[in-house]
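One structure is given below, encoded as structure tokens.
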Amino acid sequence: MRRHLLESADLDRADATLVLDTAAQIESALAGREVKKLPTLRGRTVVNLFFEDSTRTRISFELAAKRLSADVINFSAKGSSVSKGESLKDTALTLEAMGADGIVVRHGSSGAPHRLATWVAGSVVNAGDGTHEHPTQALLDAYTIRQRLGRLEGVRVVITGDVLHSRVARSNVWLLHTLGAEVTLVAPPTLLPVGVGSWPVTVSYDLDAVLPQADVVMMLRVQGERMNASFFPSAREYSRRYGLDATRMAKLADDAIVMHPGPMNRGMEIAADVADSPRSTIVEQVGNGVSVRMAVLYLLLGGPA
Amino acid sequence: MAPPSTLPTGVPAEGPETTSSTPTATAGGVQQLLSADDVTRVVDRIAHQLIERAASSTSSGDGLSDLVLVGIPTRGAPLARRLAARIEAFTGTAVDVGTVDITLYRDDLRTRGVRALEDTRLPDAGIDGRLVVLVDDVLFSGRSVRAALDGLRDVGRPRAVQLAVLVDRGHRELPIKADFVGKNVPTSRTQQVRVRLAEVDGEDGVSVTDA
Amino acid sequence: MTLLIKGAQPYGEDAVDILVRDGVIAAIGEDLSVSTGRTIDATGLVALPGLVDLHTHLREPGREDTETVLTGSRAAALGGYTAVHAMANTDPVADTAGVVEQVWRLGGDAGLVDVVPVGAVTVGLGGTQLAELGAMADSAARVRVFSDDGKCVSDPALMRRALEYVKALDGVVAQHAEEPRLTVGAQMHEGDRSARLGLTGWPAVAEEAIIARDVLLAEHVGARLHVCHVSTAGSVELVRWAKSRGVEVTAEVTPHHLLLTDAQAEGYDATFKVNPPLRTAEDVAALRAGLADGTVDAVATDHAPHAGEDKECEWSAARPGMLGLEQALSVVVDTMVDTGLLTWREVADRMSVRPARIGRLAHQGRPIAVGEPANLVLLDPAARAVVDPAALASKSRNSPYAGRELPGRVVHTLLRGELSVLDGKVQK
Ligand SMILES: [Zn+2]
């Protein structure tokens, strides 16, 4: 395992599998226990450094760190010295001086965790950077798929939505490819990056055509405001062509599952009855997120400093 | 992850050692302490002792329904299963078995580095109020047992916890003592004791290697 | 004032002695000697006419914490330059005779290179109203190059008027070709890497669309056009096409676009953030070929000093631009001379003769010949050194060549017969 988790693009198959296996062991070790706490990271300090609001991700990391007995400091950029113009580097040096063993960073700027990693001695975990990556989300998605379908090798995953602006899509593309899954991206061409042709994926503009072969359909959040920049004509047209409703869901194979990294735009990319159907893994994904993040924190911070 | 077995093939195995003197290594630096047959005999003996202990620690019945054998991975886990199988063979009563992975409870991760986790599985009936016997292959510093005790504390409250080991090689760093010992082996600190079990290593045997 | 240079190789050719007297090359020959004045041994050194940069950001007035006319002049002299064009995007903007004269005077005070101010095309670089181009041309600074560099004159009607208007001034509009609607939020070259790194793409077409438009406008109104920092294979192709039609267009390429690619964005070190962005290896090859065949007229540094805090930060928060003056010649030696793409005479043409002609500098970019101004650079082409940003004369440290070993060391520079650099040390 490396010192940092900056992107799923640099996880090899052995590393990724180790994370998933460790998460599974942690989950079974804690299953049914009253005391859901392990002493593993006692005396270690984890800083949640969130420059963007994301309560769900922050809470998930916080719970993961606390269940491993780490001391957790939540450092939200709002109302702190950061909002008064302190640079990322100065913030990093401050956290370093405080002895942070691990820094979990969420930042609106792609690559901010990479920069941070060059300025601190502790481990940096990318909790989402700009439109780049969100590796723990991809790990928990892969974990959820493996848990539901029993495998990842050869699993056909359709990822639909705003791929262009999605760090979740990028992280999933690289990780799922590394783990042997076959990924198809579906989006209007405006929401696919120029250069997507170099990715190890199949690209389609037609959701209906790819659904019958899919084992997994992962819906990405689409912001309605994108229509203001002419990425699509209207939310209604987007939803009709690329949203997952009950009619489309009926085209799926019997054991296919529906995923969403959250937060959902019900009625936009996913219909409410789809989100709440038995195919949906949305609630499991949240729980699995804690196990996977515990595994990541254990593997990064458990060993020699 | 299981540490690799280090017994080189082609080294002639010596006969079973029956004394408790400090083993001296052969020219190859490896000395056989227990043969496969010895391991079988030792397991049987501990199984009998467990049956007696279970019976003596209860006021009614054989006490075996009260007993839980909890193996410490890697080799404590199959050892616990073997003991349970032998107890069932001798008494006709099935005994609950579990494993508790101690990795997340270790106090030496920072020096030894992180490792992959192994199974933690406890019987459905749990361990509350029962006689838990921790099972491990080698008792050395006692730190693994300490970690296992911490792990057990988080999953329940047994009536009593006891310890069974295949080999006790001495050099305790904590006030921990085994209740059931297959073989006491005085060693020097630098020697390495290798337990091989068919489930993990493909064959049974115990040897000591000079470092 | 007499200076005898012994054993230099003009344009890398046969070694000769060059006698400089009163700012002029007085004699060239073998075994020259003088009774008074200084003699320097230039054995093994290549002599070229002093370099001329069409594109330098000196940051004064406004950001004297990052560069001043003096520190920028030192960097230029150390790079072998004897003239630099100071871009107009200062604070205040160089859009009046007053500001350009101020910069020009500061250059004279520094006295290391000719500092030639560039005038803004539009008031405050606002892109809406022409600045007083005539007043700047008529000022003591004698402005001939007009540019809103940093911003594109994107309004086609305004660009047309600017091209037309400067014809009366013998001027040229130097366009920073970037269609702003195609580069909203752009961070790096749009392609495979931007897709993976999650950085908003700066597409080649945003540059090429403006160049295509501008060469057609220049043709239509019969005006001169200069294209700043071409960065794509398509841009080279468009300039080649325009020249073949007889359009009076010239183009420059930066040293960094000749050497570096968008691969530098991996790791998100914002030192490598620049506008236009570093492109692909194919683009680099096309730029080198364009410079070699003369489609691209000049190497121009786009020397852009920035404070540490504007680079030691998130990529998207960083300011674009990189240093270039002190390593430009080395990069050209590395990418063009050592590769056999340019002779030394052609280096002189692309880094001195043509830039001087584009900027209408009568006394720069002249041949090494008797009676010509003694603006010279003497370099050791074989010397190789690792670039240490801390050792740069520039006030800023944002060199993209840090830690890179490059060939070609500027040993001496002469401005009108005066040594601005002696033995690699700036003299003021
Ligand atoms: Zn520019």
Side-chain angles (χ1 to χ4, degrees), chain A residues 1-5 12-45 64-70 99 101-102 121-123 125 143 290-305, chain B residues 1-4 68 70-74 76-77 80 96-130 132 134 142-158 161 174 200:
Chain A
M1 199 67 188
R2 296 147 180 276
R3 187 154 70 89
H4 308 293
L5 178 60
D12 62 21
R13 195 168 184 144
D15 281 343
T17 305
L18 176 63
V19 174
L20 301 187
D21 290 348
T22 303
Q25 297 289 23
I26 288 174
E27 185 178 324
S28 81
L30 292 182
R33 286 173 48 159
E34 266 177 40
V35 182
K36 292 199 185 294
K37 198 160 176 118
L38 295 161
T40 321
L41 297 183
R42 218 169 40 161
R44 301 241 151 171
T45 303
K66 285 183 169 168
R67 284 191 174 169
L68 290 169
S69 302
D101 299 295
S123 294
V125 180
Y143 183 83
V290 178
S291 302
V292 164
R293 288 171 180 130
M294 286 178 78
V296 167
L297 292 175
Y298 160 64
L299 292 168
L300 291 180
L301 304 180
Chain B
M1 209 151 300
V68 188
V70 176
I72 300 174
T74 302
D96 273 352
V97 183
T99 59
V100 59
D101 182 53
I102 59 167
T103 312
L104 297 171
Y105 289 88
R106 298 193 75 101
D107 60 6
D108 59 357
L109 288 171
R110 288 194 196 193
T111 47
R112 294 172 60 175
V114 300
R115 62 212 37 214
L117 306 187
E118 301 196 51
D119 284 346
T120 294
R121 295 198 196 289
L122 292 171
D124 293 340
I127 60 171
D128 286 358
R130 303 176 72 180
V132 170
L134 286 170
R143 288 177 189 274
S144 298
V145 177
R146 200 273 310 155
L149 289 169
D150 286 352
L152 286 180
R153 186 194 54 196
D154 286 349
V155 294
R157 192 178 181 286
V161 181
L174 293 169
V200 179

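Below, all heavy atoms of this structure are taken into account, side chains as well, without hydrogens, waters or symmetry copies.
In terms of heavy-atom pairs under 4.5 angstrom with chain B, the leader among A/Pro39, A/Ala24, A/Ala29, A/Ala295 is A/Pro39. In terms of heavy-atom pairs under 4.5 angstrom with chain A, the leader among B/Asp119, B/Leu109, B/Leu104, B/Asp108 is B/Leu104.
For B/Arg121, the part lying near chain A is the side chain, with the backbone staying farther off; criterion is any non-hydrogen pair under 4.5 Å. For chain B, the nearby part of A/Lys37 is the backbone; its heavy atoms alone come within less than 4.5 Å.
Around atom CG of B/Asp124, no more than 12 heavy atoms belonging to other residues, nucleotides or ligands sit under 6.0 Å away. In A/Arg13, the CZ atom is crowded: over 12 heavy atoms of neighbouring residues, nucleotides or ligands sit closer than 6.0 Å.
Between A/Tyr298 and B/Val114, the shortest heavy-atom contact is O-CG1, 3.4 Å. Among all heavy-atom pairs drawn from B/Arg110 and A/Arg42, the shortest one is NH2-O, 3.5 Å. Closest approach of B/Asp154 and A/Val35 over heavy atoms only: O-CB, 3.8 Å. Considering every non-hydrogen atom in both B/Val155 and A/Arg33, the closest pair reads CG1-CD, 3.5 Å. Counting all heavy atoms, side chain and backbone alike, B/Gly113 lies closest to A/Pro304 at CA-CD, 3.5 Å.
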